[in-house]
Amino acid sequence: MTPHSQPYDLLIIGGGINGAGIAADAAGRGLKTILCEQGDLASATSSSSSKLIHGGLRYLEQYEFRLVHESLAEREVLLRKAPHIIKPLRFCLPHERHLRPAWMLRVGLFLYDHLSKRVTLPASKSISFNTNSPLVNNITKGFEYSDAWVEDARLVVLNAMDAHNRGATILPRTRCIEAKRQGDLWQVTLQDQTSKEVTTISSRALVNAAGPWVNHVFDKALHEAAPNNIRQIRGSHIIVPRIHDQPQAYILQNTDGRIVFVIPFEQDFSLIGTTDVEHKTSLDHISISDDEKQYLIAVVNKYFKQKIDKADIITSYSGVRPLLDDDADNPQAITRDYTLELDHSNNQPPLLSIYGGKITTYRKLAEAAVNKLSPFFNEEGKTISQSWTADAPLPGGNFDSKELLSQKLTTEYPWLPDSLNQRLVTNYGTLCYKILGNAESIKDLGELIGSDLYEKEVGYLFNSEWARTAEDILWRRSKLGLRFSKNEIRSLEQLLNTLNS
C-alpha cells in the first residue's frame, strides 16, 4: 500500500456482502471509494450462509412483512442480475399436523406468493408423497414453493469486482487499526496483514460494515462506545453424501419451531442447516458443536428414510450473524432486518454503521446506505447520481441463459469437457472467456491441478479475483475442496506460492 494524497469520498471497513455491495453502489454513483477487509473477501459470515436467496417464509410468523416483501422483490432482481450464480429452486415442505396446521401453511404460502410480484418463479401448491418418496412413509402430504439458490461467496467477489471495474480500490487482507476524525475528514490507518506495512488514508465518510466485528471496530479502531448491542448468533451447516435424488430442496419443521433445510449441493452432496445458537466465544474460532451436529442429524432422520450419523459428515461450516439485539427471548425470534446507524454529530464527518441484514437484501441495504450518505457529498459540490444497481448485471451475468452460453462454449471450444463447461458457466458466466481465451486444446489451459481445475483458471483467480490461498480458491471461489486430495491441495499451494513470489 502507498499513501494517497487525495482523500477518498468513502472508506468501507468490511469485505462481506454488505461492504462489497455498498462499494459497488457507491463507485457506480461516482464516489471515490475504497474497501478494506482483514481477511479474504467473504471469509466469514458471507460464505457461511444457507446459500439461499429467499423471502424467509418463517419470518411471517414474526410478522416481518416488510422484510419478507423486500426480500421477495429482491429475489426477482437478483435472478436477473446474476443468472450464472443464482438459480431458481423448488422447496418441498412436508406437513406435520402437530407442528403447524395445514391452514396456517396455506395462508403463509399464499402471502409468500403475493406479498411481491412474481415474474420468473411458479406459485406454491399442495403435493402428495407416495412410497417412492425419500421421506418416511407416514408423511403423505405437503406443499411445494419457490425460492432461489446462490453461490454466496461468489456474490461477494462479483460485487467487489463490479466496484473495482467502476474505479473503487479493493484491499483484502488489510485491517483497519485506527480511525479518527480530523477536521472534516476521517484519518484511517490500515495495515497490510501480509507485509505488515501501515499506511494512512483520508476519507470524507466512513462505513463500518464489519459484520460480527462491527462493535469490535468501535472498541479497537474508533475508541468509542458502540451505539447498539448485537447478538452474535451462530448458524452451522453439515455436508453429507446426497440423501435424495430429486432436484428439489426440503424444508423440515422441528418441534422447537425452527426449520432445517436439506439442499442438493454440488451434484453429489446434501447441504443441511442451519442452527441458531448464541455464540459466546472468540470470533477467531467459529465451528460447529457436537450438539449442533446431533440436532441437524436428528431432524433429518425424523423425516428421511435414508438415515445419517456423524460419520457421514464430510465437512461442516459455521458463521456468526451479527443481529441487532431486540430483546427477543430466543435466537430464532431475533429480527433479520437491517439497521443503518448514522453518526454526524456537531457537523463532523459521517460514520455509518451497519447492523444485521441478510444476503437476499444486500442490494437494497447498499442502496439505502449510499442514499443516506448522499447529502454529505452533495454539500461538497458533487451531484450523486441515482441508484442504478437494480438493472445492471453483475460481472459475467450479461447473457440470456446458461444453456445457451454452455452451447456456445461447446461450439467455440469443442474439446472442453462437459463437467468443466458446466462449472465455468455456473461460476463465471461470460467471465469464463477470460480463462479460456484463445485456447485451442485442453493443454492450453496448463497443468491440471486437481478435479477439473487447471493452471489457467488459478492464474485468473489470482490476478482478477484476489485469491491468494488454496482455501480462497477451493472453498470461496469454488467448492472444489469437496473433491481435492491432500496432494492436490499441496500442488495448488505450490502454484500459488509461485504466483505470490
Side-chain angles (χ1 to χ4, degrees), residues 49-52 54 56-62 89-109 112 124-147 149 233-266 268-278 287-318 330-333:
S49 74
S50 296
K51 310 190 190 308
L52 299 177
H54 66 135
L57 182 60
R58 72 180 181 87
Y59 303 152
L60 292 173
E61 291 183 314
Q62 275 87 49
L89 183 62
R90 290 291 276 181
F91 285 79
C92 294
L93 170 57
H95 176 226
E96 291 269 76
R97 69 174 63 185
H98 65 285
L99 296 179
R100 291 176 177 88
W103 68 263
M104 179 184 291
L105 295 175
R106 288 193 187 97
V107 169
L109 289 169
Y112 208 66
S124 59
K125 64 179 182 179
S126 298
I127 55 175
S128 299
F129 301 107
N130 58 31
T131 55
N132 294 323
S133 162
L135 301 177
V136 293
N137 288 335
N138 63 303
I139 298 176
T140 59
K141 295 184 181 300
F143 302 89
E144 190 175 278
Y145 69 95
S146 293
D147 265 321
W149 162 267
I233 307 301
R234 187 174 68 245
S236 296
H237 297 76
I238 58 175
I239 298 172
V240 301
R242 189 150 177 178
I243 61 177
H244 69 86
D245 295 328
Q246 290 88 351
Q248 296 94 337
Y250 283 78
I251 175 171
L252 310 178
Q253 303 176 80
N254 196 30
T255 52
D256 61 3
R258 294 210 71 259
I259 54 94
V260 169
F261 295 111
V262 179
I263 304 169
F265 188 63
E266 295 293 313
D268 302 319
F269 308 95
S270 291
L271 173 63
I272 301 167
T274 180
T275 58
D276 268 322
V277 179
E278 296 269 5
S287 60
I288 191 171
S289 67
D290 283 340
D291 286 346
E292 287 174 285
K293 290 178 183 177
Q294 293 295 352
Y295 176 89
L296 295 174
I297 288 168
V299 174
V300 169
N301 287 345
K302 174 187 170 186
Y303 280 89
F304 281 88
K305 292 172 183 171
Q306 182 169 327
K307 309 304 180 186
I308 61 173
D309 59 30
K310 286 174 65 175
D312 292 309
I313 299 175
I314 296 168
T315 190
S316 63
Y317 63 86
S318 303
N330 59 72
Q332 73 189 55

Could you tell me which non-hydrogen atom of [X] sits nearest to which non-hydrogen atom of [Y], and how far apart they are?
X      : Y      : value
Ala102 : Phe143 : O-CZ, 4.1 Å
Pro94  : Ile251 : CD-O, 3.3 Å
Arg106 : Ser126 : NE-OG, 4.3 Å
Leu252 : Val300 : CD1-CA, 4.2 Å

Name all residues meeting the side-chain hydrogen bond (donor to acceptor under 3.5 Å, both in side chains) criterion together with [X]; count only those two or more places apart in sequence or in a different chain, and write none if there are none.
X      : value
Ser133 : none
Thr275 : Glu292
His244 : Gln246
Tyr112 : Asp147

Counterpart residues, side-chain contact (heavy atoms from CB on, under 4.5 Å), relative to [X] (two or more places apart):
X      : value
Ser124 : Leu109, Asp113, Tyr145
Ile314 : Pro241, Phe269, Leu482
Asp291 : Ser289

Residues which pass salt bridge (Lys or Arg N to Asp or Glu O under 4.0 Å) with [X], listed by chain and number, not counting sequence neighbours:
X      : value
Lys293 : none
Glu144 : Arg90
Asp312 : none
Lys305 : none

**Q.** Main-chain N/O of Pro134 paired to Tyr303 side chain as donor or acceptor, under 3.5 Å
**A.**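 Looks like no, no N/O pair under 3.5 Å.
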
**Q.** Donor-acceptor contact below 3.5 Å, side chain Ser270 vs main chain Val240
**A.**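 Here the side-chain-to-backbone pair does not exist.
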
Q. How long is the gap from CD1 on Ile288 to CD1 on Ile313, to the nearest 0.5 Å?
A.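 One gets 6.0 Å once the value is rounded to the nearest 0.5 Å.
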
Q: Return the orientation label for the His54 and Tyr59 ring planes: parallel under 30°, perpendicular over 60°, tilted otherwise.
A: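 Ring orientation of His54 relative to Tyr59: tilted.
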
Q: Give the intermediate values and the outcome of side chain to side chain contact (heavy atoms under 4.5 Å, CB included) for residues Met104 and Glu61.
A: CA-CA 10 Å; Met104 179 184 291; Glu61 291 183 314; 4.0 Å; yes

Q) Going by the salt bridge (charged side-chain N to carboxylate O under 4.0 Å, His left out) test, which pairs reach into residues 235-245, not counting sequence neighbours? A)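 Sorted result for residues 235-245: empty, none.
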
Q: Mind running side chain to side chain contact (heavy atoms under 4.5 Å, CB included) on Phe261 and Ile272 for me, showing each step along the way?
A: CA-CA 6 Å; Phe261 295 111; Ile272 301 167; over 6 Å; no

Q | Residue pair Thr255 / Lys302, side-chain heavy-atom distance below 4.5 Å | A |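 Touching, per the 4.5 Å side-chain cut-off.
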
Q: Compare all side-chain heavy atoms of Phe91 with those of Leu57 and state whether any distance is below 4.5 angstrom.
A: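 The answer is no; the side chains never approach within 4.5 Å.
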
